[in-house]
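Below is one structure; the comments refer to it alone.
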Amino acid sequence: MQNWFEHNIIATGRLPLFCFFAALIVAFMATRVNVRLIRAKVGWFRNVNVGEMHIHHVVFGVVLMLVGGVAGLIVSGASQEGYAVAAAIFGIGSALVLDEFALILHLHDVYWEEEGRTSVDAVFIAVAVTGLLLVGLRPLTYDYGTFVSPAVLIVANLALAVITLLKGKIWTGMAGLFLPILLIVGAVRLARPGSPWAHWFFAGRSPRKMATAVHREDRWRRPAIRAKIAFQEFLSGRHDLPSTRRARLRRDA
């Protein structure tokens, strides 16, 4: 293991990326353990409050990201070890920020509500992309010789990625930046029924395609989503509170 680490991580200059990757995972898991203990009112675990104001951990995450980012700029020309420490600090801050990504997205505290699962999805995506970078894959760096212009290839892949993401295929779009064949599959296949693409091109225009998309969602994707949610809740806790955001939208309507 030590020889593999020295050959594949240290010798390739990936030690800072590895430290970011490890710190991101460890900090996310530690954060989720902490908030679950706070929710269960175990021992001295409590929210951080200043007077009546609750300080969300995204605040500490932003501070740590600034510290790690600036430190990385300062030591970027120094030793790999110093850069790795800065990357680890940045990884801890990133975990704290992404763990409350749903709060940033909705500008509303939905941590334990259904919308709060977005935060866990954001962390999973960050871990997956960083893991692909760590094993040596690089996005939009394909070599097809002189037959295809690199600039044309990058623009084409970005366009396919945008279409795939608009079709609601987040994981396919992100992974496709590293494996372009996935972008072709994602861009060609039918959009998910709740995606922007389906809203623009199916709703009111093509009821048949919308019905097919809903059928595929119920038959093939829903079981996978349930399995993913079960795994997420095993790691991060249950997002079982009623949606206050939807209730507020209904009142405003």
Side-chain angles (χ1 to χ4, degrees), residues 15-76 81-131 134 170 228-252:
L15 181 60
L17 183 61
F18 175 82
C19 290
F20 170 85
F21 179 72
L24 177 68
I25 295 176
V26 172
F28 170 69
M29 296 304 298
T31 300
R32 281 287 164 165
V33 169
N34 183 66
V35 295
R36 291 177 74 173
L37 291 174
I38 291 173
R39 191 184 191 192
K41 298 180 180 180
V42 175
W44 52 270
F45 291 92
R46 294 291 184 271
N47 290 319
V48 178
N49 296 297
V50 177
E52 296 182 355
M53 180 173 62
H54 169 51
I55 307 298
H56 291 270
H57 51 266
V58 65
V59 176
F60 302 101
V62 170
V63 173
L64 288 174
M65 288 182 70
L66 286 172
V67 171
V70 172
L73 294 174
I74 295 174
V75 303
S76 59
E81 289 76 11
Y83 197 21
V85 173
I89 296 173
F90 192 84
I92 296 172
S94 299
L96 294 174
V97 170
L98 291 176
D99 188 55
E100 294 204 303
F101 177 78
L103 169 67
I104 302 172
L105 179 65
H106 297 290
L107 293 179
H108 188 67
D109 189 359
V110 293
Y111 196 86
W112 292 116
E113 299 172 16
E114 181 180 352
E115 294 90 344
R117 295 195 185 106
T118 308
S119 297
V120 186
D121 288 332
V123 174
F124 278 25
I125 290 174
V127 169
V129 170
T130 307
L134 194 59
I170 307 299
K228 183 198 74 169
I229 290 174
F231 177 67
Q232 286 181 338
E233 291 187 342
F234 172 75
L235 294 177
S236 60
R238 297 187 62 185
H239 297 80
D240 53 1
L241 294 182
S243 176
T244 55
R245 177 177 171 271
R246 292 180 182 174
R248 184 179 60 180
L249 291 175
R250 286 194 295 267
R251 289 197 302 269
D252 294 342

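- With a 4.5 Å cut-off on side-chain heavy atoms, V123 and F101 do not count as touching.
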Step-by-step side-chain contact (heavy atoms from CB on, under 4.5 Å) determination, V48 to F60: CA-CA 11 Å; V48 178; F60 302 101; 4.2 Å; yes

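- Between P242 and E113 the shortest side-chain heavy-atom distance does not fall below 4.5 Å.
- Cation-pi geometry between R238 and W112 is not satisfied (NZ or CZ under 6.0 Å from the ring centre, within 45° of the ring normal).
- Within the 4.5 Å cutoff, no side-chain heavy atoms of I25 are placed close to those of F20.
- Using a 4.5 Å heavy-atom cutoff, the side chains of L96 and V58 are not in contact.
- Residue V120 comes nearest to S236 through the heavy atom pair CG2-OG, 3.7 Å, listed as atom of the first residue, atom of the second, then distance.
- Across every non-hydrogen atom of A102 and V110, the tightest pair is CB-CG2, 3.7 Å.
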Evaluation steps, side-chain contact (heavy atoms from CB on, under 4.5 Å), between N47 and I55: CA-CA 8 Å; N47 290 319; I55 307 298; over 6 Å; no

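- The minimum heavy-atom distance between T31 and H57, with the atom names listed, is CG2-NE2, 3.8 Å.
- To the nearest 0.5 Å, the span separating CG on L64 from CZ on F90 amounts to 10.5 Å.
- H56 and E100 share a side-chain donor-acceptor pair at under 3.5 Å.
- In plain terms, the two heavy atoms of G72 and A86 that are nearest each other are N-CB, 3.5 Å.
- Using a cutoff of 4.0 Å between basic side-chain nitrogens and carboxylate oxygens, D99 and R117 are not scored as salt-bridged.
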H239 vs Q232, side-chain contact (heavy atoms from CB on, under 4.5 Å): CA-CA, chis, key distance, verdict: CA-CA 10 Å; H239 297 80; Q232 286 181 338; over 6 Å; no

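- Atoms CG and CZ, on L37 and R46 in that order, are 10.5 Å from each other to the nearest 0.5 Å.
- Closest approach of I92 and A27 over heavy atoms only: CA-CB, 3.9 Å.
- Counting heavy atoms of neighbouring residues, nucleotides and ligands inside a 6.0 Å radius, atom CZ of F231 does not exceed 12 of them.
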Residue pair F28, L98: steps toward the side-chain contact (heavy atoms from CB on, under 4.5 Å) verdict: CA-CA 9 Å; F28 170 69; L98 291 176; over 6 Å; no

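- Rounding to the nearest 0.5 Å places NE2 of H108 at 9.5 Å from CG of L103.
- Among all heavy-atom pairs drawn from Y83 and P16, the shortest one is CD2-CG, 3.7 Å.
- Side-chain atoms of M65 and V97, non-hydrogen and from C-beta on, do get closer than 4.5 Å to each other.
- Atoms NE2 and OG, on H106 and S119 in that order, are 8.0 Å from each other to the nearest 0.5 Å.
- For T118 (side chain) and E115 (main-chain N/O), a donor-acceptor pair under 3.5 Å exists by modelled atom type.
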